Amino acid sequence: MDNLNLTTLQRGQTMVNDVAIDAFAAGFRGSLLTSKDMDYNEARTIWNAMIDRRPGLIARCAGAADVVRAVRFARDNNLLVSVRGGGHGIAGNAVCEGGEVIDLSAMKSVRVDPQTRRARIEPGATLADVDKETLAFGLVLPTGINSTTGIAGLTLGGGFGWLTRKFGLTLDNLLSVDVVTADGELVKASETEKPDLFWALRGGGGNFGVVTSFEFKLNPLNPEVLAGLVVHPFADAEKVLREYRQALDAAPDELTCWVVMRQAPPLPFLPAEWHGKEIVVLAMCYCGDIAAGEKAAARLRTIGNPIADVVGPVPFTGWQQAFDPLLTPGARNYWKSQDFASLSDAAIDVLLKAVRKLPGPECEIFIGHVGGAAGRVPIEATAFPQRSSHFVMNVHARWREAGMDGSCIGWARELFEATKPHSVGTAYINFMPDDEGDRVEAAYGANYARLAEAKRRYDPNNLFRMNQNVKPVAAVRAA
């Protein structure tokens, strides 16, 4: 990597010294990319096609030593720095403009110890990578619902999905991390080592360093679960949602049921006359004995007169990938999210009005069903703030043409404002777009002050600011 000549990599208005760049490259085990390299455009492309940024340097790290060097290089040269794991975040913070991307996507190792029921996972691994290794031993880590999501961003922001009610959030299963802090040091954080940092990393996002390895506890799971979709016509939506809400009051932790409202895609089990029409989908998963699951899901499956019911025993790895075709890279995406303690009649009315005004065939609203084990963790136990939420709404605007930006983004924002009176005020930071920086403090609620203090201690100059940023508290001056 001689003579990188990074003409776009700037420190303020001063070009970074070529000698420093060459020294960085000489000791780097991974690969360094600039706009002159063939792989550059692919490397700067992420899941959300709205993000089109041109970093000066992409440092594709091969291991923790590379991450240390990359952080020190950014720090010493006062560079804007972003960190890429899976590149799936809605806000697009995996890529910065003109600075350095610390790319972890090649660090994908997943090592499972079936005797201790623990896994050591590198930050470039996706949920599919994790599931493949853990389920081979009848073990599982509770994660999200899209198998192409990266484990790093998911964990640091929270991590909820089909198994959350039974096993907690992804971060609730985190035992320790190896992390490179803003001073360029690799440290371990756990409940007993740097516990303040460990607390902040569990929900505080990428504010506190670059994690090079996660250690998780794993949970026993039969590789086969009861899961699938029950699809209803939108004309029955009000009845379906009210009975859905009632059915969940007595749901065991093993049962999770989400709602999706959108225009029907051309699914093979749906009659052709329903393709493109508004529908209400109950997506459910029971992570326990199949016979017990049939009984637990019976009330949900007897609601109304569904168009289709395709709930049955399936491999959990397959269910984890069921929504992947609807979330492929290349589309423009904008999200808005609210947390609800309950799904009130008034909130249902607002949601139904929004579905009647869907701006495009890929736009949707989903309601994530949480609570259970995740809701029994004290709010102050981790930085993750919304333990009281029973439902998480994500307004998912998704479209293909830039000319639709205004209508799709406007629709999402309008619904977000209309649902505010029914929310609890917190937010899931992994669902927050890049224009919600002013919402961060409120999203963390009572935990924000402690996060800001941890930020002051571990990143006082805010090197890691390409995220839903927690500002470091001002240092107290000596009297």
Side-chain angles (χ1 to χ4, degrees), residues 8-9 33 35 39-61 70 74 79-105 123-124 126-127 144 146 148-159 204-207 210-211 326-337 360 362-364 394-406 408-413 416 427-440 443 462-470:
T8 61
L9 191 60
L33 301 176
S35 59
D39 295 339
Y40 173 80
N41 281 326
E42 179 183 355
R44 72 182 183 88
T45 300
I46 56 177
W47 175 79
N48 186 356
M50 288 190 73
I51 309 303
D52 184 20
R53 299 183 184 132
R54 299 184 65 84
L57 175 67
I58 300 173
R60 284 182 158 173
C61 300
L79 298 175
L80 180 63
V81 62
S82 61
V83 183
R84 176 176 182 153
H88 209 280
I90 183 64
N93 287 322
V95 182
C96 61
E97 185 70 40
E100 177 190 13
V101 174
I102 300 177
D103 187 345
L104 311 173
S105 58
T126 65
L127 306 193
N146 182 206
T148 61
T149 302
I151 190 65
L154 180 89
T155 302
L156 296 174
N207 274 284
V210 184
V211 176
L326 301 178
L327 294 167
T328 53
R332 302 172 76 81
N333 294 267
Y334 183 83
W335 295 356
K336 284 295 221 179
S337 178
E362 295 184 82
C363 295
E364 64 183 17
N394 191 24
V395 184
H396 184 184
R398 181 176 168 90
W399 65 102
R400 302 287 167 167
E401 302 297 330
M404 293 178 64
D405 286 4
C408 291
I409 294 172
W411 171 77
R413 288 174 174 170
F416 172 76
Y428 184 46
I429 64 165
N430 286 347
F431 287 170
M432 291 169 59
D434 65 353
D435 60 1
E436 288 197 336
D438 60 348
R439 195 184 177 201
V440 173
N462 208 8
L463 175 67
F464 301 115
R465 58 186 181 275
M466 287 290 295
N467 44 49
Q468 295 300 346
N469 196 232
V470 174

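These numbers were taken from a predicted model, which means no experiment stands behind them.
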Practice item. Could you grab the distance from atom CE of Met404 to atom SG of Cys363, nearest 0.5 Å is fine? Key: 6.0 Å
Review point. Among all residues two or more places apart in sequence or in another chain, which pass the side chain to side chain donor-acceptor pair (under 3.5 Å) test with Trp47?
Key: none
Review point. Does a side-chain heavy-atom distance below 4.5 Å link Met50 with Asp434?
Key: no
Review point. Looking at residues at least two apart in the chain, or sitting in another chain, which of them share a side chain to side chain donor-acceptor pair (under 3.5 Å) with Trp399?
Key: Asp405
Using residues 83-91 as the side-chain source, report each donor-acceptor pair under 3.5 Å to any protein atom, sequence neighbours left out, with the distance given to one decimal.
from	atom 1	to	atom 2	distance (Å)
Arg84	NH1	Ala43	O	2.9
Arg84	NH1	Thr45	O	3.0
Arg84	NH2	Thr45	O	3.2
His88	NE2	Asn146	OD1	2.8
His88	NE2	Thr148	OG1	3.3

Revision key, fill the gap. Residues at least two apart in sequence or cross-chain that pass side-chain contact (heavy atoms from CB on, under 4.5 Å) with Ala427, listed by chain then number, are Met432, Arg439, Ala443
Review point. To the nearest 0.5 Å, what is the distance between CD (Glu97) and CG (Leu80)?
Key: 9.0 Å
Revision key, fill the gap. CD1 of Ile51 to CG of Asn93, rounded to nearest 0.5 Å, is 8.0 Å
Point to revise | Side chain Asn467, main chain Gly205, donor-acceptor under 3.5 Å | key: no
**Study point:** Tyr428: partners by side chain to side chain donor-acceptor pair (under 3.5 Å), with sequence neighbours left out
**Key:** Asn430
Practice item. Sequence neighbours left out, what passes side chain to side chain donor-acceptor pair (under 3.5 Å) with Thr149? Give chain and number order. Key: none
Practice item. Please list, chain by chain and in numerical order, all residues satisfying salt bridge (charged side-chain N to carboxylate O under 4.0 Å, His left out) with Asp435, sequence neighbours excluded. Key: Arg413
Point to revise | Heavy-atom donor-acceptor pair, Ser82 side chain to Ala94 backbone, under 3.5 Å | key: yes
**Study point:** Inter-residue atom distance Glu42.CD - Leu33.CG, 0.5 Å rounding
**Key:** 9.5 Å
Review point. Is the closest side-chain heavy-atom distance between Leu127 and Ile151 below 4.5 Å?
Key: yes
Review point. Does Asp103 reach the main-chain N or O of Ser105 with its side chain, forming a donor-acceptor pair under 3.5 Å?
Key: yes
Check your understanding: Any donor-acceptor pair under 3.5 Å linking the side chain of Tyr40 with the backbone of Pro55?
Key -> yes
Review point. Between Arg53 and Val101, is any pair of side-chain heavy atoms under 4.5 Å apart?
Key: no
Point to revise | Partner of Val395 by side-chain contact (heavy atoms from CB on, under 4.5 Å), out of Phe431, Trp411, Tyr334, Trp335 | key: Trp411
**Study point:** side-chain contact (heavy atoms from CB on, under 4.5 Å) partners for Asp52, two or more places apart
**Key:** Arg44
Exercise for review: Using the test salt bridge (charged side-chain N to carboxylate O under 4.0 Å, His left out), find all partners of Glu362 that sit at least two apart in sequence or belong to another chain.
Suggested key: Arg398, Arg400
